[in-house]
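The next block holds one structure in the form of structure tokens; read it before the comments.
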Amino acid sequence: MATILNVDSPFNESSGFGVTSPPSDGLPGGFAAAMIDCSIKNMASADVFEAISIPAGAVVLDVGVIVITGEGAAETIDLGDGDDADGYFDGKSVETAGMSYSLNMNLNNAGSYAQNATAFAGGKHYTSADTIDVTAKAALTVAKFVVWCKYIQTNLN
């Protein structure tokens, strides 16, 4: 298992990963996304990709994954953070282009939490900086997908 460190820089075609919407002074918090292209940077089974930096004091409200290019085989990923590797999504397929998953943590009903391992009613508050992480459940060599989240920045840390 390897950990691929987060890079807060634009998507780089030579490395196969990067932030697609880096935060700026004009947009503190709000929305962040990262693209992962496994045809450029393969992921082995159990590799962890630190996709999006979450600052201390942030409250994550929504997360999601959009598959741009499918792996072509029944391979899956987990989406979580340093506290819970599959806290947002457990075993979601990246087999086919167009597949997408989202979790709105503002909705307090059973349906909104059916896809995640841990329910965060009203959002998940991060008291210290962390990352939204993707864990490959098998080798990924073709898949290309975007991981995104919406969050608000607070001074609650």
Side-chain angles (χ1 to χ4, degrees), residues 1-24 27 29-55 58-107 109-120 123-124 126 130-152:
M1 175 188 89
T3 298
I4 303 164
L5 300 177
N6 174 270
V7 286
D8 284 327
S9 61
F11 181 77
N12 181 317
E13 289 185 18
S14 64
S15 67
F17 56 91
V19 178
T20 59
S21 58
S24 68
L27 183 64
F31 184 85
M35 183 162 32
I36 300 169
D37 188 341
C38 296
S39 70
I40 297 169
K41 176 68 175 169
N42 296 167
M43 291 181 76
S45 180
D47 275 0
V48 176
F49 185 90
E50 296 179 341
I52 299 171
S53 294
I54 303 297
V59 177
V60 172
L61 302 173
D62 302 306
V63 296
V65 176
I66 302 167
V67 179
I68 307 298
T69 303
E71 184 65 25
E75 308 301 357
T76 62
I77 59 171
D78 290 346
L79 190 67
D81 57 25
D83 292 331
D84 189 347
D86 61 2
Y88 292 116
F89 294 118
D90 183 18
K92 293 300 171 190
S93 175
V94 292
E95 178 178 3
T96 307
M99 300 179 94
S100 66
Y101 310 98
S102 62
L103 175 65
N104 182 322
M105 293 176 286
N106 292 319
L107 302 175
N109 61 61
S112 66
Y113 301 122
Q115 311 228 2
N116 71 328
T118 306
F120 301 114
K124 180 175 181 186
Y126 286 83
D130 202 343
T131 53
I132 302 291
D133 304 330
V134 175
T135 303
K137 303 306 285 182
L140 300 176
T141 60
V142 177
K144 182 177 185 178
F145 50 93
V146 174
V147 177
W148 60 268
C149 77
K150 288 194 271 184
Y151 67 92
I152 56 173

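If you're wondering where the values come from, they're calculated on a predicted model, not measured in any experiment.
- We find the NZ-SG distance between K144 and C38 to be 11.0 Å, quoted to the nearest 0.5 Å.
- For the side chain to side chain contact (heavy atoms under 4.5 Å, CB included) criterion with T135, the lone passing option out of D86, T76, V48 is V48.
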Going through the distances and angles, do K92 and D78 end up as a salt bridge (charged side-chain N to carboxylate O under 4.0 Å, His left out)?
CA-CA 6 Å; K92 293 300 171 190; D78 290 346; over 6 Å; no
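- Although no hydrogens or angles enter the test, the distance criterion places a donor-acceptor pair under 3.5 Å between the side chain of Y101 and the main chain of S93.
- For T96, there are no side chain to side chain donor-acceptor pair (under 3.5 Å) partners two or more places apart in sequence or in a different chain.
- When all heavy atoms are compared, the tightest approach of G80 to Y88 is CA-CD1, 3.8 Å.
- Residues satisfying the side chain to side chain donor-acceptor pair (under 3.5 Å) test with D130, not counting sequence neighbours, are none.
- Between A44 and A136, the closest heavy-atom pair is O-CB, 3.5 Å.
- Residues that satisfy the side chain to side chain donor-acceptor pair (under 3.5 Å) test with T69, not counting sequence neighbours, are absent from this structure.
- One finds the CG atom of L103 at 12.0 Å from the NZ atom of K124 (value rounded to the nearest 0.5 Å).
- Of the candidates I36, D47, V94, V134, L140 forms a side chain to side chain contact (heavy atoms under 4.5 Å, CB included) with just one, namely V94.
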Could you walk me through whether L79 and D133 pass the side chain to side chain contact (heavy atoms under 4.5 Å, CB included) test, one step at a time?
CA-CA 6 Å; L79 190 67; D133 304 330; over 6 Å; no
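- T131 has its side chain out of reach of I54: every pair of non-hydrogen atoms, C-beta onward, lies at least 4.5 Å apart.
- Within the 4.5 Å cutoff, the side chain of I68 has heavy atoms near those of the V146 side chain.
- I132 contributes atom CD1, which lies 5.0 Å from atom SG of C149 (distance to the nearest 0.5 angstrom).
- Note on ring orientation: taking the six-membered ring where Trp is involved, the planes of W148 and F31 are parallel (angle under 30°, cut-offs 30° and 60°).
- Contact between A51 and A34 at its shortest, heavy atoms only, is O-CB, 3.3 Å.
- Between the side chains of E71 and T141, a donor-acceptor pair is found at a separation under 3.5 Å.
- For the side chain to side chain contact (heavy atoms under 4.5 Å, CB included) with I77, the lone residue among F89, F49, F145 that qualifies is F145.
- For the residue pair Y126/D81, the side-chain donor-acceptor check at 3.5 Å is satisfied.
- S45 and K137 get closest at one heavy-atom pair: OG-O, 3.3 Å.
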